[in-house]
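For reference, the structure is listed below as structure tokens.
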Amino acid sequence: MAFLFHKFQEGVKILAKSPTFARESKRLQFEADINLLFLYTSYNRLGRNAEEDDAEEIIDMANKASLDDQQKQVHENVHSQVTNFCRYMDDILLLDQKVKDNQAISPATPHSSPRSSCLGLAVGGNSLAQDRIAVPETKTLHRTEVSQRLKDLMGYTLEVKPSQIPHEDAGKGLFLQGEANIGSVIAFYPGVVYPPAYYRYILGYPRVDAQNSHLITRYDGTMINAQPWGAGGESRELWDWTSSPEPKHTMQADDKGSDLDGTHVGGNLEMLERRNPLAFAHFANHPAKGMVPNVMIYPYDFPLLEKDMRPYIPNVPFGNDEETGTSKFGRFSLKTWKSSNYESKVPILKTLALVATRAICDEEVMLNYRLSNSDHIPSWYTPVDEED
């Protein structure tokens with residue numbers, strides 16, 4: 001397997017020097033990343049029974065397959081891993097049939113969800129029907145117990161603790177405990193999903209990053225705010241993110257501010273598992289000078305028809321998911337990349353996952369932030385040479 005991995009890595013380096021990678025980096029970054037994700041996740045799917053011919057076939061396919069075909073395969077590879085993760089979580093948290101039968105005999109007690117804030121009374125927001133959704137009983141396990149059991153089943157889990165990055169702003173970092181192979185889904189970026197049409201509703205708009213370091217943007221312009229998620233929780237619940245404490249901002253970018261008056265805000269309640277051990281991608285730090293990232297971003301479109309898996313996808317949508325080709329974001333213009341929608345008839349939730357670019361074992365998770373706006377690049381930021 002070590003020989004195959006070396007051969008595979010050589011193939012990745014050759015592809016990185018191809019004309020596709022050499023063209024305008026910003027415009028084709030998405031295509032280049034899909035190409036790499038195709039290699040990494042396909043290699044991961046080979047498993048321990050891989051043969052040399054399999055690795056060569058993947059490299060050859062990466063050179064010949066269209067972008068759409070590669071996107072389909074990457075989605076299939078990642079979704080397969082997410083499906084397995086959700087099954088592990090079901091095994092850990094769901095009550096066995098005997099307990100369920102006993103509960104069915106007992107008188108039912110309605111679930112009382114916490115009262116939502118005024119932000120929930122919004123377009124596409126919290127309805128009385130949602131308030132009456134019953135949250136199913138799960139095992140009374142602390143999230144540290146859930147995390148350890150996931151490690152026992154899957155081989156790795158995550159921990160948030162002080163970062164090893166040598167600068168004062170590093171704060172907390174994300175650490176993998178155990179072993180994860182190249183191409184493994186390492187973490188989910190949790191929180192509220194904002195289509196470009198709803199940027200103005202993010203707290204602090206248009207300088208939304210002034211006091212919020214837990215924001216990330218997908219290639220299609222969709223932004224995810226992990227600040228309300230924080231460090232997760234201790235239960236499965238109807239997550240009312242609008243009641244999460246957030247810092248106050250003083251914004252004067254325009255006369256309208258962020259328009260958080262409770263009348264135009266699309267707050268949504270979703271039943272989520274807050275003990276999710278992989279919902280910590282927002283704690284991954286950028287590598288310091290001389291260090292190399294070990295994960296990369298994948299814009300994972302979760303199919304909402306997968307109802308049983310939904311509690312383990314740590315995101316809620318904002319608004320009605322309207323999209324535009326290009327949206328103004330303060331002084332920034334974010335281009336929405338268009339590609340053929342190979343699941344156009346399937347409702348999706350636009351999320352984001354971190355995928356391992358090499359084998360990771362008991363170490364800090366590092367993500368290349370790819371900061372590009374010179375006005376706001378912090379002093380500790382060092383660009384990563386992506387050909388390394």
Side-chain angles (χ1 to χ4, degrees), residues 8 12 15-16 20-21 25-26 28-46 58 61-62 65-86 154 156 158 174 176 180-191 193 214-224 226 276 278-284 286 292-304 306 309 312-315 336-343 346 348-360 365-370 384 386:
F8 179 77
V12 170
L15 283 171
T20 299
F21 282 68
S25 59
K26 290 183 180 180
L28 291 174
Q29 189 66 65
F30 173 70
E31 288 91 336
D33 282 356
I34 290 296
N35 194 248
L36 289 175
L37 286 161
F38 175 84
L39 289 165
Y40 294 143
T41 61
S42 296
Y43 182 84
N44 179 278
R45 203 162 186 177
L46 291 178
I58 291 174
M61 288 174 63
S66 67
L67 176 65
D68 285 346
D69 286 341
Q70 290 188 47
Q71 281 185 276
K72 292 176 185 177
Q73 189 61 56
V74 173
H75 181 272
E76 182 180 329
N77 294 343
V78 169
H79 187 66
S80 175
Q81 290 191 51
V82 174
T83 300
N84 289 335
F85 161 72
C86 293
M154 198 167 67
Y156 62 90
L158 298 174
L174 183 63
L176 184 138
N181 196 12
I182 184 173
S184 297
V185 174
I186 300 299
F188 300 105
Y189 205 95
V193 180
H214 295 320
L215 288 166
I216 197 166
T217 306
R218 295 185 5 150
Y219 296 106
D220 59 7
T222 302
M223 186 174 291
I224 303 176
N276 189 333
L278 299 190
F280 295 111
H282 52 307
F283 287 103
H286 180 82
V292 179
N294 50 22
V295 295
M296 66 184 298
I297 287 170
Y298 173 59
Y300 174 51
D301 292 341
F302 173 72
L304 289 169
E306 301 279 7
M309 297 169 59
Y312 305 119
I313 307 302
N315 299 96
T336 301
W337 294 104
K338 299 292 184 182
S339 62
S340 61
N341 189 346
Y342 51 87
E343 291 188 16
V346 177
I348 60 170
L349 176 62
K350 294 185 176 183
T351 72
L352 190 148
L354 302 185
V355 174
T357 58
R358 62 171 176 80
I360 305 176
V365 176
M366 303 285 186
L367 173 67
N368 182 4
Y369 283 6
R370 288 175 174 167
V384 173
E386 298 199 49

Side chains of [X] and [Y]: closer than 4.5 Å at any heavy-atom pair?
| X | Y | value |
| --- | --- | --- |
| F85 | N276 | yes |
| Y298 | V185 | no |
| P190 | H282 | yes |
| N368 | H286 | yes |
| Y189 | R218 | no |
| N294 | V365 | yes |
| I182 | T357 | no |
| I297 | D33 | no |

Rounded to the nearest 0.5 Å, what's the gap from [atom1] on [X] to [atom2] on [Y]? Could you check?
| X | Y | atom1 | atom2 | answer |
| --- | --- | --- | --- | --- |
| M223 | L215 | CE | CG | 6.0 Å |
| M61 | S42 | CE | OG | 6.5 Å |
| K350 | D220 | NZ | CG | 4.0 Å |
| L46 | T41 | CG | OG1 | 10.0 Å |
| F280 | L354 | CZ | CG | 13.0 Å |
| K72 | L67 | NZ | CG | 11.0 Å |

Are I313 and V82 close enough, and set up right, to give a side-chain contact (heavy atoms from CB on, under 4.5 Å), and what steps lead you there? CA-CA 9 Å; I313 307 302; V82 174; 4.0 Å; yes
Donor + acceptor pair across side chains of D68, S66 (<3.5 Å):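 There is no such pair (donor and acceptor under 3.5 Å, judged by atom type) between the side chains of D68 and S66.
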Pairing donors with acceptors under 3.5 angstrom, does anything connect the side chains of Q73 and N77?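 A pair is found: one side chain offers a donor N or O, the other an acceptor, under 3.5 Å apart.
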Take I348 and L304, measure what side-chain contact (heavy atoms from CB on, under 4.5 Å) needs, and give me the verdict at the end. CA-CA 5 Å; I348 60 170; L304 289 169; 5.7 Å; no
Holding to ring pair (Phe, Tyr, Trp, His ring centres under 6.0 Å), I want the full list of residues that pass it with H79, two or more places apart in sequence or in another chain.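 By the ring pair (Phe, Tyr, Trp, His ring centres under 6.0 Å) rule, H79 matches H75.
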Between [X] and [Y], which heavy-atom pair has the shortest distance, and what is it?
| X | Y | answer |
| --- | --- | --- |
| I186 | V355 | CG1-C, 4.4 Å |
| Y219 | P299 | CD1-CG, 4.3 Å |
| M309 | C86 | CB-SG, 3.7 Å |
| Y43 | I58 | N-CD1, 3.8 Å |
| S184 | N44 | OG-ND2, 3.1 Å |

Might you work through the side-chain contact (heavy atoms from CB on, under 4.5 Å) test for Y312 and E306, ending with a clear yes or no? CA-CA 11 Å; Y312 305 119; E306 301 279 7; over 6 Å; no
Backbone N or O of G183 within a donor-acceptor pair of the Q81 side chain at under 3.5 Å?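 Side chain of Q81 to backbone of G183, a donor-acceptor pair under 3.5 Å: yes, one is there.
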Using ring centroids (six-membered ring only for Trp), state whether F188 and F302 fall under 6.0 Å.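 Distance test on ring centres: not under 6.0 Å, no.
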Which one of V295, V384, L174 satisfies the side-chain contact (heavy atoms from CB on, under 4.5 Å) criterion with L367?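 Going through V295, V384, L174 one by one, the side-chain contact (heavy atoms from CB on, under 4.5 Å) with L367 is satisfied by V295 alone.
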